[in-house]
Amino acid sequence: MSAGKLKLVLQDSSEVEVEPGISARELAEQVNGELVERAIAAKLDDEIMDLARPIERSGVLRFLTESDDDEDALYVLRHSAAHVLATAVRSIWPDAGIGFGPPIAEGFYYDFDVKHPFTPEDLEKIEARMAEIVAGDEPFERREVGRAEAKELFADDPYKLERLEEIPEGDAISVYCDGSFLDLCRGPHLPSTGQVKHFKLLHAAGAYWRGDERRQMLQRIYGTAFFEKSHLEEYLRRLEEARRRDHRILGKELDLFSLQEDVGPGLIHWHPKGAMIQFLLRRFLEDELLKRGYDFVYTPHIARETLFRKSGHLQAYSEVMFPAMGMEGEKEDYRVKPMNCPFHMEIYASRQRSYRDLPLRYAEIASDYRNEKSGTLHGMLRVRGLTMDDAHIFCRSDQIEDEIYELLDLAAYIYGTFGLEYRLDFSTRPQKRIGSDEAWDQAEDALRAAIERRELAYAVDAGGGAFYGPKIDLKFLDAIGREWQGSTIQLDFVLPERFDLAYVGADNQRHRPVMIHRAIYGTFERFIGGLIEHFAGAFPVWLAPVQVRVLPVSEELDAAARNVSEAARAAGLRAELDNRAETLSYRIRDGELQKIPYLAVVGKREAEAGTVAVRHRGAEQKQVVMPVSEFVKQVVAEDRSRTLA
RNA sequence: GCUGACGUAGCUCAAUUGGCAGAGCGGCUGAUUUGUAAUCAGCAGGUUGCGGGUUCGACUCCCGCCGUCAGCUCCA
């Protein structure tokens, strides 16, 4: 390599030598004139940079082009779109304060400090102004400035000044300018505003400055942008689609659950069909827990405050607990429980335990009540009355790894049965914690060993553990790609201490057991809410509240149809008869809209032959005629096998 | 909890500048007896979320509360 030159590896693996300070754009001109037209930015190793930025080091260089399949390209586009948004807002409201405006997973936002929050009409106005700015095709110009100059430039922008203070001494301070708008910004950006082709502002909402609820609330505008118009339209269609599979809407349409204003927010009423799903999930899990060596326990819904003082909930968790219930003539107030662990601790402590007894696994499907902030409630996915499939495992420290391994196996089995993909988060010791470093080392090692023994991919959330122990969370994705925490497996050093739990070891000495909190579904509310969206309401046979609906073609076939539905019921299926005085078409349509897996039509021909004309939801073949016995056998087999189709 | 928007029949939505609260679906009744995604007709259904206020008159304007939605914060 010639002295002083840089060596760049291009995406076709060719290597070029260039003078330091050459811009990506100049390089593109040298290499391939066509690239200049298409390139919007460059990526040198892991750093995305403007086309106009001088290249000062060797590395692998890739040109980013206008592609909605390229996350990096979208990142640049959306970042620039955020700037166009801010440019528009500033041009309409010159005294609007500006916060941050980053690209995010599906778009971008920008935070503004304005006297009056944005109205939907404002958004339209802003969008129109943005279109003008894009049409104006102003170049994004980057400039590096000194700290003093930066302070001067942003003298009227307190949020930018605050950010400026955080940029370490010695780091470059860059500003970007597009037309009249100047922003303190790291970049990178598109060459000009004209390339922000297809964008849409979605909504405005308040957002705390720096995400801190004690600080100023700014007004955030969300939007998205794509290079291709069709992709923007597709995205907006997908938002519509998401709405159609929203569990709150399906819950109403399929009559699964409701919330009642009289009763209170976040308190779910399970209607018969929703309750059936919960029942099926319970039965499935409980059968599995029996096989896996659990004991079932039942504990009260309320307890004296003494208990929660002992457990520490009153001190650490009181803001989420419902207020104390005073009792005439009782010295001590009662509380409704937010968790079940203290009760299970009491059962453990109720007698002496031997090392031979361990592990002990206490399972309880229990209702807990938590006074979650009103603004966070969301259908079934975040509620105040929650039904956990809770369990507490008491074991010796040498048993932790095997227990965790077993729990991961159980979770994998359960999630697999529903066809849910999940992600593992391993949260390690936080700053504020109790317990010795040795205990934490041992606990974290045991968790990690169990995860790795199962060869599971996981993300580490360093410092994300609870103050009483590290944890593993399972997050499942619904069909729209939103992430929800379902399972949680948490080690606890604190409660065994607080309740002075012990077992007698082989050495005839008193030892402290380790406790594991765990929930596989998490809560039935959230899990089933997630399932509704995952299946878009079309539950597989084994979960469908109604599996078979039998439709007589006309009134004189009622008896024959009833025989079919009774045969199905006798075989353990959930079958019903729809002999309403409506046309067959009407009843078929209703059955389809209710997403019932099997509609079995009984006409004269079927009645005479002992068959049914079966319409299977989603099947290619619209209907198949088969003997009643065969039909029942088939659905029973599908039910037993928990087939997902 | 915070910011904003919204709240009309079981559901989805109308109702001009403040002037008699309506439609479709659903429900009920009757007719029709139906062969694979909506048969026809009639009827019932509302203190317009709740409570105040302004006004001759409030679904409409103002205030408070409750709830819902979006986001922030927080979390199963």
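We name chains A, B, ... by the order of the sequence lines, and we start the count at 1 in each one.
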### Task
Round to a whole Å and report the spacing from CG of A:L557 to C1' of B:rU33.
10 Å

### Query
Taking the nucleotide of RNA chain B with the closest heavy atom to each, which residue, A:S554 or A:K622, is nearer the 5' end?
A:S554

### Query
Are A:Y222 and A:Y109 close enough that their ring centres sit under 6.0 Å apart?
yes

### Query
So what does A:Q216 hit on the nucleic acid, given a heavy-atom distance under 4.0 Å: a base, only sugar-phosphate, or nothing?
nothing

### Summary
The side-chain contact (heavy atoms from CB on, under 4.5 Å) partner of A:I532 among A:R245, A:M380, A:R248 is A:M380

### Task
In whole angstrom, give me the gap between the C1' atoms of B:rU16 and B:rU12.
23 Å

### Message
Can you measure A:Q219 atom CD to B:rA5 atom P for me and round it to whole angstrom units?
### Response
10 Å

### Message
Walk along nucleotides 71-76 of chain B from 5' to 3' and tag each nucleotide B, S or - by protein heavy-atom contact under 4.0 Å, base first, then sugar-phosphate.
### Response
BBBBBB

### Task
Round to a whole Å and report the spacing from CZ of A:R605 to P of B:rU36.
9 Å

### Task
Taking atom NZ of A:K595 as the centre, report whether more than 12 heavy atoms of other residues, nucleotides or ligands fall under 6.0 Å from it.
yes

### Query
Contact class for A:L593 (heavy atom, under 4.0 Å): base, sugar-phosphate, or nothing?
base

### Task
Please determine if a side-chain N or O atom of A:Y586 lies less than 4.0 Å away from the OP1 or OP2 oxygen of B:rU33.
no

#### Entry: Contact list for RNA chain B against residues 261-270 of chain A - heavy-atom distance below 4.0 Å
A:E261, A:P265

### Task
Please state the C1' separation for the pair B:rC13 and B:rU48 - nearest whole angstrom.
14 Å

### Message
Taking only the C1' atom of each, what is the distance from B:rU39 to B:rU33 in whole angstrom?
### Response
11 Å

### Message
If the threshold is 4.0 Å, N to carboxylate O, is there a salt bridge linking A:D473 and A:K475?
### Response
no

### Query
After noting the C-alpha distance and the side-chain angles of A:R549 and A:E576, does the key distance pass the salt bridge (Lys or Arg N to Asp or Glu O under 4.0 Å) rule?
CA-CA 5 Å; A:R549 187 181 271 184; A:E576 62 183 26; 2.8 Å; yes

### Task
Return the set of residues passing salt bridge (charged side-chain N to carboxylate O under 4.0 Å, His left out) with A:E582 (not counting sequence neighbours), or none when no residue passes.
none

### Note: A:K373-A:E213 ion pair, threshold 4.0 Å (strictly below)
yes

### Query
Roughly how far apart, to the nearest Å, are B:rU8 and B:rG46 at atom C1'?
8 Å

### Query
CD of A:Q594 versus P of B:rA38: gap in Å, rounded?
16 Å

### Query
Do A:E556 and B:rU33 share a donor-acceptor pair, side chain to base, under 3.5 Å?
no

### Task
Could you tell me whether A:F199 and A:F108 have their ring centroids closer than 6.0 angstrom?
no

### Message
Please determine whether side-chain hydrogen bond (donor to acceptor under 3.5 Å, both in side chains) holds for the pair A:E364 and A:H344, giving the CA-CA distance in whole Å, both sets of side-chain angles, and the decisive distance to 0.1 Å.
### Response
CA-CA 9 Å; A:E364 178 178 11; A:H344 294 189; 2.7 Å; yes

### Atom-to-atom span, CZ of A:R615 to P of B:rU36 - whole angstrom
10 Å

### Message
Please enumerate all residues that pass salt bridge (charged side-chain N to carboxylate O under 4.0 Å, His left out) together with A:R220, with sequence neighbours excluded.
### Response
A:D111

### Task
Between B:rG27 and B:rA44, how far apart are the C1' atoms? Round to whole Å, please.
9 Å

### Separation of atom NZ in A:K252 from atom P in B:rU68, rounded to whole Å
11 Å

#### Entry: Parallel, tilted or perpendicular: ring planes of A:F426 versus A:Y458, cut at 30 and 60 degrees
perpendicular

#### Entry: Between B:rG35 (C1') and A:R589 (CZ): distance, integer Å
18 Å

### Message
With a 4.0 Å cutoff (strictly under), does any side-chain N or O of A:R587 reach OP1 or OP2 of B:rU36?
### Response
no

### Message
With rounding to the closest Å, how many angstrom separate the C1' atoms on B:rU55 and B:rU68?
### Response
31 Å

### Query
Would you call A:E240 and A:R243 a salt bridge, using N to O less than 4.0 angstrom?
no

### Query
Are the aromatic ring centres of A:Y362 and A:F394 under 6.0 angstrom apart?
yes

## Note on the structure
Expected string for nucleotides 40-48 of chain B under the B/S/- scheme (protein heavy atoms, under 4.0 Å, primed atoms plus P, OP1, OP2 as sugar-phosphate) is ---------

### Query
When you look at CD of A:E421, are more than 12 heavy atoms from neighbouring residues, nucleotides or ligands closer to it than 6.0 Å?
no

### Query
Do you know which of A:L410, A:I393, A:L408 makes side-chain contact (heavy atoms from CB on, under 4.5 Å) with A:I489?
A:L408

### Message
Rounded to whole Å, please give me the gap between NZ in A:K595 and C1' in B:rA37.
### Response
13 Å

### Task
Using the criterion of both pairing distances under 3.5 Å for Watson-Crick and G-U wobble pairs, give all stems of 3 or more consecutive pairs involving RNA chain B.
B:1-7 with B:66-72, B:10-13 with B:22-25, B:27-31 with B:39-43, B:49-53 with B:61-65

### Task
For nucleotides B:rA9 and B:rG49, find the distance between their P atoms and express it as a whole number of Å.
8 Å

#### Entry: Nearest-angstrom distance, C1' atom, B:rU47 to B:rC59
12 Å

### Query
Which residue lies toward the 5' end of RNA chain B, A:L259 or A:T583, if each is placed at its nearest nucleotide?
A:T583

### Query
Is the distance between the ring centroids of A:W270 and A:F279 less than 6.0 Å?
no

